[in-house]
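Below: the structure, in structure tokens.
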Amino acid sequence: WVSGTAPAKVDLGQDCVERASAGRSHICVVLTGGNVKCWGSVEYRALGHGPAQAYSTQGGMENLPYVNQGLGPVQQVACGRHHSCMLLVDGRAFCFGLGEDGRLGNGD
């Protein structure tokens, strides 16, 4: 991996960021129109892409999948250390990642 001391532009193609949240080693953003993209460490599935899959961000972020595909537009996203949650416009919430201690709200 590469690190730097100067800010680097995140190329999301035509998408514009409305909101952003960062966890320990991942970032999720709400884009104009309510779609969400997450990138960073695939550890604990905190990116919302299902099974731990690495997605290349070389050449831009526009090829990253939308996390909320098929769920509807998102108004807010929050990242914890190893988990993330999305609040949809219709009021539903979806969480993913490390679920110990009830973090995901699904009884684990």
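These numbers were taken from a predicted model, which means no experiment stands behind them. Numbers for residues simply follow the sequence, beginning at 1.
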- Query: Between the side chain of Ser21 and the main-chain N/O of Cys79, is any donor-acceptor distance below 3.5 Å?
  - Reply: yes
- Task: Decide yes or no for Asp15 and Tyr66: does some side-chain heavy atom of the first lie under 4.5 Å from some side-chain heavy atom of the second?
- Result: yes
- Item | Nearest heavy-atom neighbours spanning Ser84 and His26 | OG-NE2, 2.8 Å
- Measure the spacing between NE2 of His82 and OG of Ser25 and express it to the nearest 0.5 Å. 6.5 Å
- Between the main-chain N or O of Pro73 and the side-chain N or O of Asn35, is there a donor-acceptor pair closer than 3.5 Å? no
- Item | For Glu18, side chain to side chain contact (heavy atoms under 4.5 Å, CB included) partners two or more places apart | Thr32
- Interatomic spacing from CZ in Phe96 to SG in Cys28 - rounded to 0.5 Å: 5.0 Å
- Taking Arg19 for its side chain and Gln75 for its backbone only, find out whether a donor-acceptor pair lies under 3.5 Å. yes
- Any side-chain heavy-atom pair from Ile27 and Trp39 closer than 4.5 angstrom? yes
- Message: Applying side chain to side chain contact (heavy atoms under 4.5 Å, CB included), can you list everything that pairs with Arg92, at least two apart in sequence or on another chain?
- Response: Leu88, Asp90, Phe94
- Step by step, work out the side chain to side chain contact (heavy atoms under 4.5 Å, CB included) result for Met86 and Leu71. CA-CA 10 Å; Met86 303 180 297; Leu71 299 176; 3.9 Å; yes
- With a 4.5 Å heavy-atom cut-off, do Leu12 and Val17 have their side chains touching? yes
- Query: Can you name the nearest heavy-atom pair linking Gly34 to Val30, along with the distance?
  - Reply: CA-CG1, 4.3 Å
- Message: Within this structure, what is the SG-NE2 distance for the pair Cys95 and His83, rounded to the nearest 0.5 Å?
- Response: 7.0 Å
